[in-house]
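To start, the structure itself, in structure tokens.
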Amino acid sequence: MMRSIVLFVFAGSALAAGPATFLGGSLQEAAEKLVLAPDGDVVVAGRTSSTDFPGVDPMEAGPYRERVFVSRLSGDLTQLRWSVVFPDDLYLTVGALAADAEGNFYLAGETASANLPTAPDAFQPAVAGQGTTDAFVMKLDPQGAVLWATYFGGAGSETLGDLAVDGEGRAHLVGSSDSQDLPVTADAFDAENTRNICEQSCYFNFLGFSGCNDLVCRDAFFAVLGPDGDRLDYATYLGADPPAGETAALSFTTITELAKGNDDATAIELAEDGGVWIGGRTETPGFPGGAEQEPLVPLGDDAFVTRLRPDFSLAFSTLVGGDGDESVVALGGDGGDGVFVAAASYRNVNSGSSYTGLASHLTAEGETERTIPLGVLPTDAAVDAEGRFSVLAWRQPIQIVITNGESMPQSSQSCLAPQSLLVTLAEDGVVEQPLPLDARALGLDADGRAVVGGAGTILFAGAPSNAFQPLPAERTRDALILSRDRFAPAAPRVDCSLNTASRQDGFRPYVSPGEIVSFVGGGLGPDGGVVPQPENNRFPTQAGGVRVLFDGVEAPLLWVSGSEVNVVAPFDLDPGEFTTVRFERDGIEADPFSLYVSEARPGVFSENFSGRGQGVIFNQDGASNAYSNPAAPGSTVTFFATGLGPVNLQPAPGSISGDTEEAIRPLLPIRLTIGGKDAEILELRPAPGLVAGAWQIRARVPGDLAADSGHWLQIYVRAREGEQASQTPLTIAVSEQ
């Protein structure tokens, strides 16, 4: 499913949905950076593939190309003030977005295009290298008109890490460069970049190995542009001279033993005293520590934080992190002389990659005062007026693995909309808030609420009818911005919607009428679990403080715990439409989400609750089918299923089926195979003694099946979207003739 830009703001409490809007055209969008205007408006920058992006004239259709956009919306997200979409031949990236006190906006990134709209008096009116990228800065007025633009780079390639604007309107840039001729000022504390070889790009032809192109080491850089973009007030490299690589013979060419020498600046924060904090990553032994400090010796790739004095001389540097590979993602001033640091950490674990993060607070002297492991990968961070640090993080998607009925999250693909996490450092620990989007950018408004930008899909159902764009155009991907109370009690987090019987197909956000569904996540209900007790022959719709509503209708609850809640979806859901699900625990609501209503999503119950292996099957004599007690070919067996779709007569929600309800039948054609052979269905009825939504099927085992303890048993439902099959491998044991 494609996604769209979503913007939304929660008024007052973060637990009640407030203003929200999608922003996008008929293809895909994502918001990558955001900033709050002085008047509270929300400004986002990102990328669009649509030719009909809102707020601009239709663009010429052509090859699939992404363009950079900047859009301004009202603070309540009900109005689009303006949009600017730059031509695709600019090949811009979105590296940073900032605002000044007068309401102007600064967009920065990198480009290889010669078409940047620069003026002749720009500090660097033309791209410096042939076929390489330069950093760029562009200043827009409050109405989105370009006031000035300039390149910044040398003959090599530059990348833009971050941007900050001071009270005079000067743009402070950090990034990395492999150029030897980067424009630096006479007072730079590091005027040269040593061009030793740090990387190689090797290539092959039909004869095999052909050769390698040497790639020189990168140095970080720091630069300050004048308020009109027509002068360079200061610029310097920031890095150490890497050791020279050694050469070794390989086949008919030579390769270089790579040196460790890349330094990248990824974050900047302007200090209260006029100095500068710079963060990034270094792998270079001897990274500059300052005049009164020994050079730093990183262990692998380490995050660094450098402090510059108000005159931009080097005060000190320090390393942040542990034994993994770390890199600074964002910096935030603490309201005094210190700085907060959000860093990403990468580790190789059992031949795979592990992504985590940490948040640290450094004193004015660079001493680590506090470090908190995050367990998630930071994407942005910000500090509010009271000096409270919040980190936006990407939470690794999960797969649900079932063992003895318990849900065990492990790294894999997520089955609902992208989920992120907002982590705020409080005096007594951390406060976490789940976020229903692929979150990329964070800002804090005047009230200290978090304003988040990213990308979301139609699965997010929190946009109200008065939003500028209540739904994504053509059900595509649009950007998402939200604002919420960072210190409110954490809401329930719903990760997956699974067929309770099959435990499969959870990676598709589908549900079918009358299906028994498992919602899996965190903080859903009581940790110990609650088994709702039927009253008047019906399961309740509230238990353990939990309610689940489909389009405002409460669903019967079958099991409630902290990690999983099982419900019965309404039988009157409309196939081909979306249903909005609202999840509530102790009066605290999770973000509403949508599920596509499929005509059928069949699943057969298994003995070990995993959806795989031996099915819950009874032989003709009533004994359980098993490896030690197989069914005879030609005999009858009975098993149980759910998700068979609409019915002719709708039962009362949550009712327990009796012995006289044979008249209720699925409306869709159903067939069965055992061991790949068609099997005769003798009886299909609501399962007596079980909740309506569970089906009992009695069938005949094909008479010509060979003996096997693991024949696959599958049911197929003929639906409008094609024949839907139950999970595999769900097995039945069959004896010899």
Side-chain angles (χ1 to χ4, degrees), residues 399-407 415-416 495-520 548 550 555-556 558-559 564-571 573 575 579 581 595-618 625 637-647 657 665-674 679 681 684-687 690-699 710-719 721-732:
Q399 178 184 15
I400 302 305
V401 178
I402 305 302
T403 304
N404 297 326
E406 294 296 327
S407 300
C415 56
L416 279 181
D495 295 321
C496 293
S497 167
L498 305 173
N499 180 294
T500 302
S502 71
R503 316 301 295 191
Q504 310 294 310
D505 291 334
F507 304 130
R508 294 182 296 171
Y510 288 9
V511 68
S512 62
E515 179 185 348
I516 302 177
V517 180
S518 296
F519 292 114
V520 182
V548 181
F550 289 77
L558 308 180
W559 166 250
E564 181 169 342
V565 172
N566 297 343
V567 307
V568 183
F571 277 89
L573 295 178
T579 180
V581 180
L595 296 175
Y596 180 76
V597 181
S598 174
E599 276 198 302
R601 194 169 71 148
V604 178
F605 288 92
S606 66
E607 277 195 348
N608 63 3
F609 305 104
S610 72
R612 296 174 177 269
Q614 174 66 46
V616 179
I617 302 171
F618 295 96
N625 181 266
V637 293
T638 301
F639 61 95
F640 303 89
T642 190
L644 303 188
V647 294
S657 301
R665 291 285 183 272
L667 293 176
L668 302 176
I670 297 170
R671 68 184 182 92
L672 169 70
T673 63
I674 299 178
I681 296 177
L684 197 165
R685 55 171 295 172
L690 300 182
V691 69
W695 297 93
Q696 176 178 295
I697 301 175
R698 186 167 61 89
H711 277 301
W712 287 11
L713 181 150
Q714 271 190 291
I715 53 177
Y716 299 83
V717 182
R718 191 185 306 162
E721 58 262 23
E723 195 168 54
Q724 304 297 302
S726 60
Q727 78 276 15
T728 59
L730 191 287
T731 61
I732 179 175

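Values in this document were obtained by computation on a predicted structure and should not be read as measured data. Nothing fancy with the numbering, it's 1 onward along the sequence.
- The nearest pair of heavy atoms linking Ser512 to Ala569 is O-CB, 3.8 Å.
- Taking CG of Leu558 as the reference point, atom CD1 of Ile516 lies at 6.0 Å (rounded to 0.5 Å).
- Listed by chain and number, the residues in a side-chain contact (heavy atoms from CB on, under 4.5 Å) with Pro556 are Phe539, Val568, Pro653 (sequence neighbours excluded).
- Under the salt bridge (charged side-chain N to carboxylate O under 4.0 Å, His left out) criterion, Glu723 pairs with Arg671, sequence neighbours left out.
- Between Ala725 and Pro602, the shortest heavy-atom distance links the atoms C-CG, 3.7 Å.
- Scanning both residues, Ser518 and Asn566, for their nearest heavy atoms gives OG-OD1, 2.7 Å.
- The aromatic rings of Tyr510 and Tyr596 lie tilted to each other, with the angle between the two planes from 30° to 60°.
- Note that CD of Gln724 and OH of Tyr716 are 12.0 Å apart. Values are rounded to the nearest 0.5 Å.
- A 4.5 Å side-chain heavy-atom check between Phe639 and Ile715 finds at least one atom pair inside the cut-off.
- By the side chain to side chain donor-acceptor pair (under 3.5 Å) test, Thr731 is found to be paired with no residue, residues two or more places apart in sequence or in another chain being considered.
- Put simply, the side chain of Gln714 gets close to the backbone of Ser726: a donor and an acceptor are under 3.5 Å apart.
- A donor-acceptor pair shorter than 3.5 Å cannot be found between the side chains of Arg685 and Ser657.
- The distance from the CG atom of Leu730 to the CD1 atom of Ile617 is 6.0 Å, given to the nearest 0.5 Å.
- Among all heavy-atom pairs drawn from Arg612 and Pro729, the shortest one is NH1-CD, 3.1 Å.
- Applying the side-chain contact (heavy atoms from CB on, under 4.5 Å) test to Ala501 and every residue at least two apart in sequence or in another chain returns Asn499, Phe605, Thr642.
- Counting heavy atoms from C-beta outward, Ser497 and Arg601 have side chains that approach closer than 4.5 Å.
- Rounded to the nearest 0.5 Å, atoms CG (Leu498) and CZ (Phe519) are 9.5 Å apart.
- No hydrogens or angles considered: nothing links the side chains of Asn608 and Gln614 as a donor-acceptor pair under 3.5 Å.
- No donor-acceptor distance shorter than 3.5 angstrom exists from the side chain of Ser502 to the backbone of Gln727, with no hydrogens or angles considered.
- Contact check for Val717 versus Leu644: side-chain heavy atoms found under the 4.5 Å cut-off.
- Glu607 approaches Gly615 most closely through the heavy-atom pair CG-O, 3.6 Å.
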Show me, pair by pair, the donor-acceptor contacts under 3.5 angstrom made by side chains of residues 691-698, not counting sequence neighbours?
none

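- Considering only residues two or more places apart in sequence or on other chains, Ala555 meets the side-chain contact (heavy atoms from CB on, under 4.5 Å) condition with Phe550, Val567.
- Leu672 contributes atom CG, which lies 10.0 Å from atom CD1 of Ile670 (distance to the nearest 0.5 angstrom).
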